[in-house]
Structure formats: C-alpha cells, structure tokens
Asks: 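Would you mind keeping the following structure in view while I ask a few things?
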Amino acid sequence: MKHCLVVDDSSVIRKVARRILEGQDFKISEAENGESALALCKQAMPDGILLDWNMPVMDGFDFLTALRSMPGGDAPKVVFCTTENDVSMITRAMRAGADEYVMKPFDSDIITSKFAEVGLL
Amino acid sequence: MTPAQFAFLTEFLKQRSGIAIGEDKRYLVEARLAPLARMRGLASLGDLIEGVRKGLDVDLGDAVIEAMTTNETFFFRDGSPFQALSEVMLPKLIAARSAERRLRIWSAACSTGQEPYSIAMTLDQHAAALAGWTIEIVATDLSAEVIAKAKAGLFTQFEVQRGLPIRVMLANFTQDGDKWRISEALRRRVHFRTLNLLRDFSALGRFDVVFCRNVLIYFDVATKRDVLARTARQTAEDGYLVLGAAESLASLGVPYLPVPARPGLFARVPSAANAPSRFGAAVA
C-alpha cells in the first residue's frame, strides 16, 4: 500500500483528500503545516505528497524546498494543490520540485488523474 | 409526459439524431428536458414535447436534441487512444504517406473540442517527423452550441485540469481571466463544423484516422451499421477507426478489424483483401 501525506491547514480539505485517496488504496498521514510535514517526512518518507501552498508556520513552497534538499527528499512525488492559479506561481512551484499541480477547486477525477500522471496509480 | 408523448419523443430523437432511447431511459429524458422546459417557461415536460410536435418554435427541436446529447469529455480522455495514435497509427501512416506528406484526421463527435485538441497536441510530439506535412484535423458535432465553444478554445480551470498534465497545460494554454485559452497555433489547426452523422458526410473527403468514440453506443444496430459503413467509405484503405474502449464491431459486418492489444482501435480492411492475412500485414 502506498503512503500519501496530505499537507493542508484546512481540516475540510484534508478530510476530502483523505477520502479520495483512501478510495485509491493509499495509506494517509496528515499535517496542518510545512513544519509538521517535514517532521513526518524525517520519520518515514511518503510515496506521495498532496501539498497546499498557503499555510501558517511553514508554507508549501518553503516545505518543498526543504524537502528536496533532505536525504531521500527527492523521492516523493509532490502534487501541489492550491488556490494559487497564476502561471508565475505554478511555474515557481514546478521549478521548486513539484511533479504536478492541482488548482482548487478539484474533484476526485482530477486528483486521481494527477496521481496517475506522476506514476502513483 | 404521457406514453404517447414519450413515444413521439423517442421517434423524433431517432429520426433527427440517431439517438435510441428505450423505456428504461425515461429518467434520463426527465432529467435532461425538465430544466429545458423550465428555461423556456413551459409548465411541464409534456408541454415541451407538444411544442416540438406542433413545430411552433423552430429552435425547440434543436434545443431538445442538444439537451439529450451527452457532451462528457476531457483532454486525453482514456489515454490509450492517444497512445495508440502516437505509437501505432502515426509511425505507420508517416511511413506510408512519405511521398504525399499529407494526413487527415476526423474527430466525428468532438463535443467541446478536447478530443481534436488532444489529437493536435499528440501530433506535436511528432513535429520533427511531420515537418513540412499538410495536416488537417476536421472536428464535427451535431450540436452547434458545443462547436461554438470548441472553436472559441476557452476552457474553465476545471476543464483544463481534467486529463492535462500541468506542463502540457502551461505549454499550450494561456490564462484569460479565470479561464484558460488554447494556443492560437493549436486552435488554427482544427477545423470545426456542425454535422449530423445520420446525413451524408461524403463531402468531408477521405481520412487516414477517424475518431468516433462513445457515440455509436446511443444508436440502434441498423443506424450504427449504416454510419460505420459510410465511415468506412471515408477511411483510407490503410487507415484506422478509433472507438470507445468498450465498443465492439462484432456482427456489424463493417470492414474494420480490431488491432490486438489496443482497445478501441480498428484497422480498415482493404476492399478486395483477404481480411485476416491482410490485416496481419496492416498492423505488423
């Protein structure tokens, strides 16, 4: 069973994402900010990360930059999932090491197709 | 909606669009047409059908057909047809057409344009091999409304995310307010027009590849056979037909044979050929 970490400060988004990804046979962990997410990655590196951009304490961009410089941090497939839909923001996320990008709002088809696109399904 | 009104409607839909609606699809009629009746200020679905029957409003029949047409689509829908285009059809056709350097592809029920634009993006992956070629993508649909949307090439955020990897999206779309506009280069490569598959389409000319996915499932066997027989006449003898992955041509007696391990892909059987042996050669 693949392991996905859902990082979002909204408990509603985490709940929706959990439901969609558990339906695809993922084991789910949750974090409400980048700092907690980094701590979880140090314990066990997930196969995939669904990542929000704007979060308190450490945002998604800083988390991704830190993750990619950690030992083993290049392994997880990272799907940014955020309301930031400006081309410059998307480009910035891809340059920082995101593998895919989902603009909110999303549905299960979109999440599933993006996870398939990065080879997690 | 009385049984007589339902009977009139099913016959009307079959004659005008080929859509076969059985008694088991009564719920679909109600779900699709009740909002249209309300929009037109009519008291009931029965009134809507009476309006069509009496022909008082010439647009009403078209509106009913549009509402009953399924326009579910997204970019690179199902993946495998575009993989087959890239890995099977194009290599074969590029080799076979190296002298004339011309390819024609028909998206026969293109809905809001995602399929023909996906075809155009797939062709882009073969840009080097196709440099200097004349490529024509013809995209048709019964509904004028969806053709207008397809031509505009403007998609919601939701639509561009369904099936399009982000890098492909960024390479081919620009942001336009809260929507995404397909590149002018892609838009100009596709020629859109309205077309009813029940009517003569021989004027479209001959195609190397015909995409006709998830359309024939709405037709009865006789209509399906007729549309496919006429499609075969418009398909080059070494060309291809792409149907939905679950669609079958078994027992229809049309000159196409399935390509092994490629769900939904069929190779045209040349007219005077011994089908199985020539088919083997065609897909080798």
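Every chain is numbered from 1, with letters handed out A, B, ... down the list of sequences.
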Asks: Inspect the surroundings of CD in A/Glu30 and state if more than 12 heavy atoms from other residues, nucleotides or ligands are less than 6.0 Å away.
Replies: yes
Asks: In this structure, are over 12 heavy atoms from other groups packed under 6.0 Å from B/Arg193 atom CZ?
Replies: no
Asks: Using every non-hydrogen atom in the two residues, find where B/Arg167 and A/Asp99 come nearest and quote the distance to one decimal.
Replies: NH1-O, 3.4 Å
Asks: Is there any residue in residues 42-49 of chain A with a non-hydrogen atom under 4.5 Å from a non-hydrogen atom of chain B, and which ones are they?
Replies: none
Asks: Residue by residue, scan residues 173-181 of chain B and write down, ordered by number, those that have a heavy-atom distance under 4.5 Å to chain A; if none do, write 'none'.
Replies: B/Gln175, B/Trp180
Asks: Residues two or more places apart in sequence or in another chain: which of them pass side chain to side chain contact (heavy atoms under 4.5 Å, CB included) with A/Asp74?
Replies: none
Asks: Working to the nearest 0.5 angstrom, can you tell me the gap between B/Ile166 CD1 and A/Phe80 CZ?
Replies: 12.0 Å
Asks: Closest approach of A/Val102 and B/Gln161, non-hydrogen atoms and distance?
Replies: CA-OE1, 3.2 Å
Asks: Within the supplied structure, the quantity of interest is the number of heavy atoms (other residues, nucleotides, ligands) at a distance under 6.0 Å from A/Arg19 CZ; does it exceed 12?
Replies: no
Asks: Using a cut-off of 6.0 Å, state whether more than 12 heavy atoms not belonging to A/Glu32 lie near its atom CD.
Replies: no
Asks: May I ask you to check whether over 12 heavy atoms, not counting those of A/Glu35, lie within 6.0 Å of atom CD?
Replies: no
Asks: Taking only heavy atoms into account, what residues of residues 103-121 of chain A are found under 4.5 Å from chain B?
Replies: A/Met103, A/Lys104, A/Pro105, A/Phe106, A/Asp107, A/Asp109, A/Ile110, A/Ser113, A/Lys114, A/Glu117
